[in-house]
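Along the sequence shown, residues carry numbers from 1. All values below were derived from every heavy atom in this structure, side-chain atoms included, with hydrogens, water molecules and symmetry-related copies excluded.
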Amino acid sequence: MTAELLREHGRTYAQEAGITLRDKPSPLYQLLVLTVLCSTRIKADIATDAARELFRARLRTPRTVAATDWQTIVDALGRAHYVRYDESTATALLKGAELLLDRWRGDLRRMRDEADGEPQRLRELLQEVPRIGPVGADIFCREVQGIWPELRPFFDERARATAASLGLPATSKGLAGLVPAGDLPRLAAALVRSGLEH
């Protein structure tokens with residue numbers, strides 16, 4: 001069951017957006033941008049397309065986003081058909097970049113350090129970023145657990161509910177026993193995608 005789930009749905013949202021996730025400022029920021037984009041009522045494939053479009057426009061760091069004019073961001077989002085939320089999201093991305101630069105000097109690893117290894121505290125800090133709420137914080141944590149081991153295992157309520165409906169363990173610890181640690185983000189994404197599909 002787990003192998004089939006990973007085969008059919010085991011691509012992370014970061015992978016889909018073209019992010020090679022590493023414990024470095026730029027890829028972590030790109031994941032944060034993706035999280036902001038996924039934090040509206042919009043399809044995940046449109047959000048990942050929008051992320052790719054922003055990255056093609058070289059908007060990959062908080063410094064470059066903060067130095068970019070609002071209309072450039074709106075235009076990039078529009079090219080990816082990220083409509084209805086394009087203007088408010090451009091504003092959120094600009095404000096989020098400024099917050100990240102001012103508070104954590106542009107490095108999400110500093111946010112992680114401030115959370116002191118506590119997943120709940122990290123979720124709270126993430127929610128200080130404009131547009132990110134509890135669901136967005138969960139998205140970020142599900143994806144980043146592959147490189148931030150102190151978050152492992154991270155399976156949010158949505159992933160655990162899908163696991164239970166499939167007859168898999170319904171706890172994070174139980175799910176973690178099904179795959180190697182490096183596959184935890186893939187399993188979490190597969191459970192979420194499977195749940196959304198059904």
So, taking the atom named [atom1] in [X] and the one named [atom2] in [Y], what distance separates them when rounded to the nearest 0.5 Å?
{"X": "Q145", "Y": "C141", "atom1": "CD", "atom2": "SG", "answer": "8.5 Å"}
{"X": "L37", "Y": "T89", "atom1": "CG", "atom2": "OG1", "answer": "6.5 Å"}
{"X": "L125", "Y": "Q127", "atom1": "CG", "atom2": "CD", "answer": "9.5 Å"}
{"X": "L166", "Y": "L5", "atom1": "CG", "atom2": "CG", "answer": "6.5 Å"}
{"X": "E150", "Y": "D113", "atom1": "CD", "atom2": "CG", "answer": "8.5 Å"}
{"X": "L187", "Y": "H9", "atom1": "CG", "atom2": "NE2", "answer": "12.0 Å"}

For a side chain to side chain contact (heavy atoms under 4.5 Å, CB included) check, start with the C-alpha distance between M1 and L168, then their side-chain angles and the critical distance, and finish with the verdict.
CA-CA 8 Å; M1 170 61 104; L168 296 172; 3.9 Å; yes
Looking at [Y] and [X], is any side-chain nitrogen of the basic one under 4.0 Å from a carboxylate oxygen of the acidic one?
{"X": "D156", "Y": "R142", "answer": "yes"}
{"X": "K95", "Y": "E98", "answer": "no"}
{"X": "R105", "Y": "D107", "answer": "no"}
{"X": "R121", "Y": "E124", "answer": "yes"}
{"X": "R52", "Y": "D49", "answer": "yes"}

Carefully, step by step, assess S26 and Q30 under the rule side chain to side chain donor-acceptor pair (under 3.5 Å).
CA-CA 6 Å; S26 181; Q30 291 172 39; 3.1 Å; yes
Flag yes if more than 12 heavy atoms outside [X] fall under 6.0 Å of its [atom1] atom; otherwise flag no.
{"X": "R152", "atom1": "CZ", "value": "yes"}
{"X": "R58", "atom1": "CZ", "value": "no"}
{"X": "E157", "atom1": "CD", "value": "no"}

To check you understand the geometry: which heavy-atom pair defines the closest contact between [X] and [Y], and what is its length?
{"X": "I139", "Y": "C38", "answer": "CD1-CB, 3.8 Å"}
{"X": "P62", "Y": "L101", "answer": "O-CD1, 3.8 Å"}
{"X": "A76", "Y": "L54", "answer": "CB-CD2, 3.7 Å"}
{"X": "P130", "Y": "L99", "answer": "CD-CD2, 4.4 Å"}
{"X": "S39", "Y": "T35", "answer": "OG-O, 2.6 Å"}
{"X": "A189", "Y": "T12", "answer": "CB-CA, 3.9 Å"}

Row check, Y13 ring normal vs R193 NZ/CZ: under 6.0 Å, within 45°:
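Relative to the ring axis of Y13, which defines the angle, R193 lies inside both limits.
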Mind checking whether [X] and [Y] have side chains closer than 4.5 Å, heavy atoms only?
{"X": "L28", "Y": "M111", "result": "no"}
{"X": "R103", "Y": "E114", "result": "yes"}
{"X": "L77", "Y": "E53", "result": "no"}
{"X": "P169", "Y": "L178", "result": "yes"}
{"X": "R160", "Y": "L191", "result": "no"}

Please tell me whether [X] and [Y] are part of a single hydrophobic cluster in this structure, the criterion being side-chain heavy atoms less than 4.5 Å apart.
{"X": "I19", "Y": "L184", "result": "no"}
{"X": "V192", "Y": "L6", "result": "no"}
{"X": "L93", "Y": "W70", "result": "yes"}
{"X": "V144", "Y": "F155", "result": "no"}
{"X": "L59", "Y": "L34", "result": "yes"}

Derivation and outcome, side chain to side chain contact (heavy atoms under 4.5 Å, CB included), residues L100 and V129:
CA-CA 8 Å; L100 190 58; V129 176; over 6 Å; no
I'd like to know whether I147 forms a side chain to side chain contact (heavy atoms under 4.5 Å, CB included) with R22, so could you lay out the CA-CA distance, the side-chain angles of the two residues, the decisive distance to 0.1 Å, and finally the verdict.
CA-CA 7 Å; I147 57 170; R22 295 184 320 265; 5.5 Å; no
Check: [Y] main-chain N/O paired with [X] side-chain donor or acceptor under 3.5 Å:
{"X": "S194", "Y": "A190", "answer": "no"}
{"X": "W148", "Y": "R109", "answer": "no"}
{"X": "R60", "Y": "F55", "answer": "yes"}
{"X": "D69", "Y": "T72", "answer": "yes"}

As a quick check of understanding, evaluate side chain to side chain contact (heavy atoms under 4.5 Å, CB included) for R158 and L196, giving each step before the final call.
CA-CA 9 Å; R158 183 178 290 180; L196 292 172; 4.1 Å; yes
